[in-house]
Every structure is written in structure tokens, then in C-alpha cells.
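Everything below concerns the one structure shown next.
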Amino acid sequence: MSQGPRYRFAPSPTGFFHVGGARTALYNWALTLREGGVFVLRIEDTDESRNQPEWTQGIIDALAWLGIEKGHPQFEGPYFQSDNAAAHVEAAMRLYAEGKAYFCDLTPEQVQERAIASGKQGYDGFSRDRGLEPGPGRVLRFRVPAGETIVHDLVRGEVRFENATIEDFVLLRGNGSPMFLLANVVDDQLMSITHVVRAEEHLPNTPKQQMLWEALGSPAPTWAHVPVLVNEQRKKLSKRRDKVAVEQYREEGILAAAMVNYLMTLGWAPHGDTEIVPWQRIVDEFRLEDVNHSPAFFDIQKLLAFNGEYIRKMTVDEFIEACAHVLSAAAAPWPADSFDPAKFRAMAELVQTRVQVLADVPSMVDFLFLDAPTVDDTAWAKATKDDWAAPLLNETVAAFATIVEWSAPELKASLEAITEARGLKLGKTQAPIRVAVTGRSVGPPLFESLEVLGRDVTLRRLRDAVARLG
RNA sequence: GCCCCCAUCGUCUAGUGGCCUAGGACACCACCCUUUCAAGGUGGCGGCACGGGUUCGAAUCCCGUUGGGGGUGCCA
């Protein structure tokens, strides 16, 4: 049976799904698709109190949103690392039996004390030749061989590590449970992984894992360490400080296609002068050899720009469909039963070119569904500061009341007449009307808005404004 | 401290020794369009960190300096 490469994505469920993880997953996925391989999802839930079951579902859902889904013929999993604990321990004991690992009874504190006493950092190999048997509280450490470990990395090239600089690391904890380094390698072997594509932060772990692969009797997989994503301070994106949750972006109305496209341009770029390209083109062109070596800043502003482009690329129907979530009762600022799909449809095209994320949509049309507009005080003050404001509003009420056909062109003509008579510009005179009716100084084109709103409500709001101005 | 990685406009990138007077995108600025705001169009600002080599020729190769980043757990 000849089969393609087997990639894998192995997140640990310790919080919301991170955009950095999403990018790594996408890299693996693109490669899997292009090379006709398999993408294995493995949840690394090995003990650790930080793991929560709900995060696991979050990862699965977020990946599916990005297009990496269970059910696709090239998707395999999810597997759970904790299910393989027995195999991890078995592998560790094999290494012990072969003399490639040994037990040590030093506590972390004792290791620390010895390090301070000797002036050297880390574990000094104290128990290497003490011939300790397994026992409670004893950890199993890997006996790092002498020599040099050369890692062949698809994005970095050849990276050399002097084994003498690598301490005898722990394989099994004092309580007998396996550590990440070991579990990760054993699982990759069990799952016949051929390519390990992960974030650069794992590069220092790689020589250790490569030694483990060899000690366990298999040739190491092909490695590739992609640069990390950083914040404006050029620090690795962190869950605590930065806005990194994929779920949150999704909630705010970032489109999956925009997120995917943007993430792929971090550390890499499609050929040609356009960065906005369909996923299929990314699959066709993406190569690890072309991935940049330096960290990339996750620029939300640029993500928003991408998203705006994707929104504008949609048909009106698609846009309306995509807005369903932010317009729904729970998310919207208006009472559930006052939403009118027909009115939104009438405004949709005008809204579409004015938003960068779907979450911006409600504020553009809320005046249509709210009983009274939420008036922005600053906007109101500015729009009504001129002495012509009040008389103009009065005059407008009278004119609008007698308009024969309540349509945008008619409304525009009507206001234009009033405006010219006063020697003003439409840009000026529309301001108090806009604020009076919609509550805001900016929004979709005014006359179209009024047309959709209807004569009765428009006049009522204008009269309220006149009254308010005293 | 030790180990490792990295270095093109503010940001993301193209660039793999001559096609570079370094291209595009986001942001920014100006103008056009215009009923606000957008969108769209046009133009502009702006970069190969520094110093040595190698070469007829270096953003591209080598060395060093400086500056960033990552790792250094009985976390993953």
C-alpha cells in the first residue's frame, strides 16, 4: 500500500483556540490536500489540570469552521493522547530495559540545589550510573548520548545541536505518567506520522525528540518549524495579553475565508501581486520551503481589510445570509419581533460596502427596528449647532408631509429645494435630519434610509427633534 | 547564564548574484467621485540594521557586530 504523507496537528486543549494554532493547522491542511496525504488531529490532553473538555470541542468546532473537518476523506481523528498512556509507558520501559534511560530519585528541589552548588544550570546526570530500580517518586530520564544531533528542517535547513548542551530529560514523572516529549514521539510513531509541521517554539525540543525516535528504533519524521505569530511588542501571541481566540473573531463577524486567507499570508505569500486569493490557489502554491523565517505580526487591521474585501465580494443574498447571526434576536439591539427582513433586504446592498465585520451591521440599520433611535449626543449637538437647524427641520417636516411619492429621489429633490433656498449644501443640511432620524452622524445614504423607514416614522422623529430643540 | 532561531517600507510580504532607479498589500497623506460615511479611481510618502569580505557584479553568498525572538519544568 503506497500512501501519501501523513501530517498532524496536535493542540493541547488549554483554552480558546489560538490563531497561531489555526495557522499551523492550515499549513498542515494545505500540504495534506496538495500532496494527497492525511491530516491527523490529535488532542494532547495528557493529564495536566489545565486541560478542560470544553476546550476540546472548541478546537474541533473552530477547525471545522476553517474548513478542516471530520468527514473529509483526508481528515483523520480526533485521537486523544491520554488514550495511549499505556503505550507511552511501555515505550519508556523499553528504553529503560535497553539502558537508554535510567531512574533518578532526586526531587526538583534537589536538582535545583545541585545546579546552584555546581554553578551549572539544569540536571547534571547525577543518577546516570547509580543503577536505580523503578520506584515511587522516581523519574525516568533519557540517557542523552554523546555527539551531535542534526535536525533537517524544511524551513530552516540544517540545525545542529551539541548533545552535551542537552540534559538528561524526564520521560516518566515520579507518579509514573509520561511527559509530553515522549508521548508526542510515541504517538507520532503509532500514527505513522511522516511530517511534523509546528511552531518554531518547538525547535529546541526537536533534537530531544529526534534522539527518542532513533532510540525507539525509527527514523525521525521530516521536520518543519514555522515562525511564531507576534503582537505589536514583537512577543509571541499570548492568550492572556492578546486577542487570539478564533472563536471571538468568528463571533464578531470575521468570515472564515478571510481568516484563512489572512492567516496564510503570515509568513508566506501567493505568487503575483494579489494576496486575496481563493483557497484552492493557496493549496496549489503553498510550500514549506517558501515560508519566511522570521516572526510575523498578527495585524488585526489588515485582517479587517481582508474581511471587508470578502464581504464586498459576496452577492447581496450571500451577505444577507451571512448577517443572519448578528441580526438574530439574541445578538441584536432591537426587540425580536420588530425586525423586518424585507426592510433589511432593502438596505443590505448599501450596508455591504460600509462594514468590515458583520458585527458592524446592526448599528447601520438599528434605526429601522428600534422604536426610537439611540441618539448620539455629540452628533446631535454638532448637527444642530447652526441657527438654521431648527427652522430647517420645521420646513422639512412640512415638505416631507406633502411629498406625493415617498421615495429616495423625491425626498432628495425635496430637501435639495429647501437647501438651495437657504444657500446651503446638501452635505450640511442632511446632517440634522440624519441625526434626528437615525441617531447618528454617519450611516447608509440618507434618502434611501428614509424611504425604507417610511413616512410616518420619519415625520414623527423629525417632529420629536423639533420639539427637543425647543 | 546556556542553547537555538531570525533580520527587505510602520506592518505583512515579492525578491533566490545581473531583469532592482527593490515590486505588491495593509496603514497613512493628497486629489477625483460624492447626500454623511464607505466603496471605487488616481497619485504620493516610505525599506534591503551596521561593518567587513567573496565576485566583473550583491537585498541576494561568507564572517563579525548590533538588535529582536524562542527555549531552557516531574507544562504542552
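Here is how names work: the chains are called A, B, and so on, in the same order as the sequence lines, proteins then strands, and each is numbered from 1.
The interatomic distance linking A/Gln81 (CD) with B/A76 (C1') rounds to 8 Å, in whole Å.
The shortest distance between the side-chain N/O atoms of A/Arg287 and the OP1/OP2 oxygens of B/U16 is not below 4.0 Å. Checking the phosphate oxygens (OP1, OP2) of B/C12, no side-chain nitrogen or oxygen of A/Lys302 falls inside 4.0 Å.
By the 4.5 Å heavy-atom criterion applied to side chains, A/Met264 and A/Phe286 are counted as neighbours.
Here NZ of A/Lys412 is found 8.5 Å from CD of A/Glu448. Values are rounded to the nearest 0.5 Å. Residue A/Leu255 holds its CG atom at 6.0 Å from CG of A/Leu358, rounded to the nearest 0.5 Å. To the nearest 0.5 Å, the span separating CD1 on A/Ile418 from CD on A/Glu395 amounts to 5.0 Å.
Checked against B/G70, B/U36, B/A38, the side chain of A/Arg434 finds its nearest nucleotide in B/U36. Across B/U35, B/A76, B/C26, the shortest atom-to-atom separation from the side chain of A/Leu446 is found for B/U35. Nearest nucleotide to the A/Val442 side chain, out of B/G69, B/U36, B/C74: B/U36.
Contact annotation for A/Leu450: no contact, since no heavy-atom pair falls under 4.0 Å across all strands.
Annotation: of the two residues near RNA chain B, A/Gln121 and A/His271, the 5′-most nearest-nucleotide partner is A/Gln121.
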Please tabulate, one pair per line, each protein N/O and nucleotide N/O from nucleotides 5-10 of chain B that are separated by under 3.5 Å, including the distance.
residue	atom	partner	partner atom	Å
B/C5	O2'	A/Arg156	NH1	2.5
B/C5	O2'	A/Glu200	OE2	2.9
B/C6	OP1	A/His293	ND1	3.4

For nucleotides 28-31 of chain B, print each protein N/O atom paired with a nucleotide N/O atom at under 3.5 Å, atom names and distance only.
none

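Donor-acceptor pairing under 3.5 Å, judged by distance alone, is absent between the side chain of A/Asp273 and the base of B/A25.
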